[in-house]
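Okay, structure first, notes after.
In the text below, chain A, chain B and the rest are named by the order of the sequence lines, each starting its count at 1.
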Amino acid sequence: MIAWTDERKRTLRITGIVLLLILALLGWFAWYKFFRVVPQPAFNSADERFMYGSVGAEESAGIPYWILYVLPRVFPDKVAGNNSYTYPPRPGPAGFASFGVAWQFGKEWPVGFTQKTIGFERVANNCATCHVATYRRFPNDETVFVPTGPNHTFNLEGFFRFLVDCARDPRFNADAIMHEIDLNSDLSWIDKLLYRYIYIPATRKALLARGPRFQWIYFHTSQSYWPDWGRGRDDAMNLTKYFLTTSPVDQTLGPTDMPSIWNIGKYKAIEEVTGRKDSTRMNFAGDSYDANSVIIDSALGLVNAQPRSNKEFLAEKDWLYKYISSYKAPKFREVFPKDKFPKALDDTKIEKGKAVFAQNCAVCHWSQAVGETGVAQPVPAASIRTGTVVPVGEVGTDDERIKSWNKEAAIRANEEVESFDIHRKGLVEATPTGYVAAFLDGIWLRAPYLHNGSVPTLRDLLKPVAERPKFFYRGYDVYDAINGGFISTPAQAQLLAPDWNNMKWEDLWGEVTAAGTPYDVNWRSNGNIGHEYGVNLPQADKDALLEYLKTL
Amino acid sequence: MPYGVNDLLKMSREELDALFAQSPAGPIPNGDAKGTAILDPGSSNATQLAEFAGTLWQGKTFNAQNGTLMNRVTVFGVKAIAAKVYEGDSLFDKKKCIVIDYSETSAVAKAVRDEIRLIAPGEYLGRIYWNGEYRGYFALQLQDMAAMRWRRRFQALLALVIGIPLLIAIVAAYRFLPYRPVNYANIEDQFKYGSTGGERNFGLPYWIWRALPVVFHDKLPPGHGDGWEAFGLVYENDEHGRKRDLPVGVMRGRDMGIDRVFLDCAACHATTVRLAEDKPPKVYVGMPAARFDIGQFQKFLSDIALDERFRADVIVPEIERQAGRLSLVDRVIYTLAVPIMQAQLLTISNRFVGVDSTVYGPGRVDTWNAAKAGLHFTLKYLPLRERFGAADFPSIWNQRKRKHRVDDQPMQLHWTGNNDSVNERNLSAAFGTGATPSNVNHYQIGRLQEWLLDAAPPPFPFPIDQAKANAGKELYYSYCASCHGKSGQDFSAPDPKHDYVGFVTPIEIVGTDRDHFDSYTYDCATVQNMNYAGTPYRFTHFRKTPGYANAPLDGIWLRAPYLHNGSVPTLRDLLNPPCPDPKVQCADGRPWVFYRGYDVIDPVKVGYKSVPSENGSSFDAFDTRTKTRTNGGHLWGTQLTSNEKDAIVEYMKTF
């Protein structure tokens, strides 16, 4: 029996207080180093917010700043290479540029990489990673960044593989990574310990956990004619299938071009004009009901978990919806003014081209007016199919993208999002049957063409399948204003190089092949078949149509 | 009444004498007795003395039956130093006491005699004599000392286990941890020999640096002499007229317990020039190091790392031959340093696989592929057109004037104009000395930066024909000045509407060798722009540009050979066109082949004289028909008459 003398009570009280203080200090330390949320600094413009603003992915999918910083330096052998047709595959040059990210010099990270402190500085991604287009008008031009445009240079699959490959490598250990971090930084002793014993092992574990779900992006090592996505493409539905719904791995493959997401309000406009509610569909195969659902599902893909706060998540979604609804595609004529680029566009043909378009294309691609204002114009009765699904048997394009999604996956995905207590119209619970007849606003900057990016230029798209290029490079960002597309073939380089300070075409082509990834239309899902509309028009009509298309 | 030891320690000698005198002898004690020395009775530090003595002497163990005792010495209480114990008369007062007599039993303590008397039960007071003379008191307390002895032993062990390593750690920390860079108050000395911080990263151990050219003399580039001079590094004399131990462009710092040395800024931006064959060489700072062959230097370091003689048992004896016998610690350090250094050399040289540094030649370096190697580019996988980038070292004077051009932007720096920030350019160049964000000495780099803002080249040291120069000025204004500025002092063009100084001329228009241009890439710029992340120094200005920058021509007489790749030996030759037929050397064309690395100025054509050898040293033939070395392009002024060209050259001597 302890006698509770005053002295004993006092000792107990003091011990208790000291213990509490120590616990509080430890708690504060843990909070400070792991959970403290520091809001991102305010952005100067909506464009900046779109390009660098967090969608809330840092906590669940973010990588500690210094680990991401040194990964390409510790693992230069795993950086995405350009040539998937060599064996063994060669790594790219080095650094994040090898992945074709859009990078505004002077910025901490490439476009679409968001930095936020949650305990420690973490870097994750937002919509802009895939939805900021870059172009140059000639090789010596300054790069232009177009928010909401398709990122046709980013090698997303290469980036996914890189992170998993690094984690799988025995060099992903504290010694190797801290050595490189020490060379590049001046971290405090505490932060070094945290990196060494917590952040590095935890990051490795998290990246390794992605491995099983990424099985299908490694099928190229075991299956013939299984192409890399290459620059500017994304196997979106398989990503949704394996990450959001954790469906079993199947053998489908459906990489498609990163889409432009500008002026997304046009979908509402056409519904209002036609009076047919729910007739338009989103995504290449019409898998989703509305823009709202697409933004939610895509952002959830980035967060890769239930959002910490649905309220914040949905508020950011609403801001994004507003931003991209009102963002308009850049006008070809403004980018290539007549006085400086006389060859870029032949104005005399536009009127004729417009007539050809009305005759041959408008049925599916009612696009004038919405591109400019988003305000509904009287819709020609014939244009009623715009934004609706065209059966694949009719359009005839490569059908693998359709096969990569199905009704069961849609049901599971909808249930999953519902379970997060997020309500949206959601994915269409039906197996897809065809491709959406797209709006063509800003089509000039949306090269290469067709859903899988299998046709490099607008001019090529107006040719019969047999005459379209069978092998080309995608991901080089100098624009070919004459043909409507990016420089992808030697013929384009030969055509354009002499105009640029009498450059040697081989030098230009060297740049294309160094930057771009090769594309072979004979490989799986890469087919450039179908959509043979207008291919039999007289040459003069085709030329006129091409000039008109550039102006959309 | 028992006396506490503390009481005894406080007593003065007189009090102790009195106590001793009044106490009886008592019986001969038996068993352990704890001892306390009272060497200087009554003094204020008696306690400390007793504690100190206690570490040497713990007490005594008596054997009353045999009349003997053993002392317990050292902290471990080891039994040693025997004595006889018997009853006898005290030397103090001739009365009875117990005598402890060492004279027959101990060689060590032969002269000692102790006398003890019982002052309380179990407590004795003892007097110490040395050769019969009083030396102090001690107290003995009979007790079982076993327990205390173990405690002492444990304490002692603890002290050993913690104390000795701690002591070693302190000594080692003092020996190995301090970083002491060698810096200079004089800014030119700092430029030539001062630390940038980079030696902590790339630094070779000083004595190994000294030993290498001797051990691997057969790996030096042949025909270029011995020692580091073989690479075109130059030595100055110190204030006593003796040759300095390190060449110009090599810095030093003590790091990890040894002196480490590596190239600094001056290695590439200072060298010697002679005004005539019989004149002494003079070091000019800020000029391109036209004699230094950094490519061969790099090859040497790569080659020796693979050589079987790169072993401690070959290198350390050579160090001892030069330095004299090394201390044991130094021997261990250098023995360990050799394999560590070898591993680092191999790592670095592996980064360069895919780029051949021997094609640089003296005065040239492949800057961007070196940068790429540092930034983990896998050079061997890069397209071939990127992998030949050698170009001349530049001069680095007058940086302040380069911060401004006609459009109020800074001039574009580097041959390709890929960066317009002087500060970033300097930190970027400092990477070459090994200075990384974690070790760079911003203060010293800042001093050099400040100095280079206004450091100016020396004037042309030969007479100038003023009339001819004035005629040349007019021609220069119409043919050269819009891109290169009015003079070596005024970098603005005569007509602000046509001022292209510090801008980039597209490669197709300037038409010079494009290999260096191709070696710099967008990818390289993006990775460089990540350097110094997390600091205010973060790079943001690197760009891929469309061609070569139009450079101001200050001190142009010291900047031969000309064009970015050093493919034209003199200014006068630059005003001649390249030869149209690659098989025939034309009469008035730029020379196909000339020699680089010689330091005698040609005062007429302005440039270095081209000679194949001098005093047994040979110079490098520079063949302009090979990769990175072509001398085409930059045809401005080549259509003028010979006299007009001479006049332009005369005017440029004033720069």
Query raised in the report: Who among B:Cys524, B:Pro506, B:Gly534, B:Ala533 has the most heavy-atom pairs with chain A under 4.5 Å?
Result: B:Ala533
Report task. Go through A:Asp77, A:Asp186, A:Asn502, A:Asp507 and name the one with the most non-hydrogen pairs under 4.5 angstrom from chain B. Result -> A:Asp507
Query raised in the report: Which of the residues B:Lys544, B:Glu508, B:Glu386 is involved in the greatest number of heavy-atom pairs with chain A at under 4.5 angstrom?
Result: B:Glu508
Query raised in the report: Which atoms of A:Lys504 come close to chain B, meaning under 4.5 Å heavy atom to heavy atom: side chain ones, backbone ones, both, or neither?
Result: neither
Query - Beyond-backbone contact of B:Ile509 with A:Asn501, side-chain heavy atoms, under 4.5 angstrom - result: yes
Requested in this report: List the atom of B:Ser438, the atom of A:Ser185, and the distance in Å for their closest heavy-atom pair.
Outcome: CB-O, 3.4 Å
Report task. Tell me, for A:Phe75 versus chain B, whether the close heavy atoms (under 4.5 Å) come from the side chain, the backbone, both or neither. Result -> neither
Report task. In plain terms, say whether A:Glu108 and B:Arg538 are close enough for a salt bridge, that is, a side-chain N and a carboxylate O under 4.0 Å apart. Result -> yes
Query raised in the report: For B:Thr526 and A:Trp103, which heavy atoms make the closest approach, and how far apart are they?
Result: CB-CE3, 4.0 Å
Report task. Decide yes or no for B:Met530 and A:Arg73: does some side-chain heavy atom of the first lie under 4.5 Å from some side-chain heavy atom of the second? Result -> yes
Query - B:Gln528 side, atom CD; A:Phe105 side, atom CZ - distance, nearest 0.5 Å - result: 9.5 Å
Query raised in the report: Would you say the side chain of B:Thr521 lies within less than 4.5 Å of the side chain of A:Pro93, judging by non-hydrogen atoms?
Result: no
Query raised in the report: With a 4.5 Å limit on heavy-atom distance, are the side chains of B:Tyr522 and A:Glu511 in contact?
Result: no
Report task. Supply the atom-to-atom distance B:His376 NE2 to A:Leu71 CG, rounded to the nearest 0.5 angstrom. Result -> 11.5 Å
Query raised in the report: Quick one: what part of B:Asn439 sits under 4.5 Å from any heavy atom of chain A, side chain, backbone, both or neither?
Result: neither
Query - Region of A:Val79 in contact with chain B, defined by heavy-atom distances below 4.5 Å - result: neither
Query raised in the report: Just how far is it from atom CE of A:Met503 to atom CD1 of B:Ile507, taken to the nearest 0.5 Å?
Result: 10.5 Å
Report task. Give a yes or no on this: more than 12 heavy atoms of other residues, nucleotides or ligands lie within 6.0 Å of atom OH of B:Tyr179. Result -> yes
Query raised in the report: Is it the backbone or the side chain of B:Asp523 that comes under 4.5 Å from a heavy atom of chain A, or both, or neither?
Result: both
**Report entry** Engaged part of B:Phe539 at the chain A interface, taking heavy atoms whose separation is under 4.5 Å
**Finding:** neither
Query raised in the report: Is any residue of residues 173-184 of chain A within less than 4.5 Å of chain B by heavy atoms, and which ones?
Result: A:Glu180, A:Asp182, A:Leu183, A:Asn184
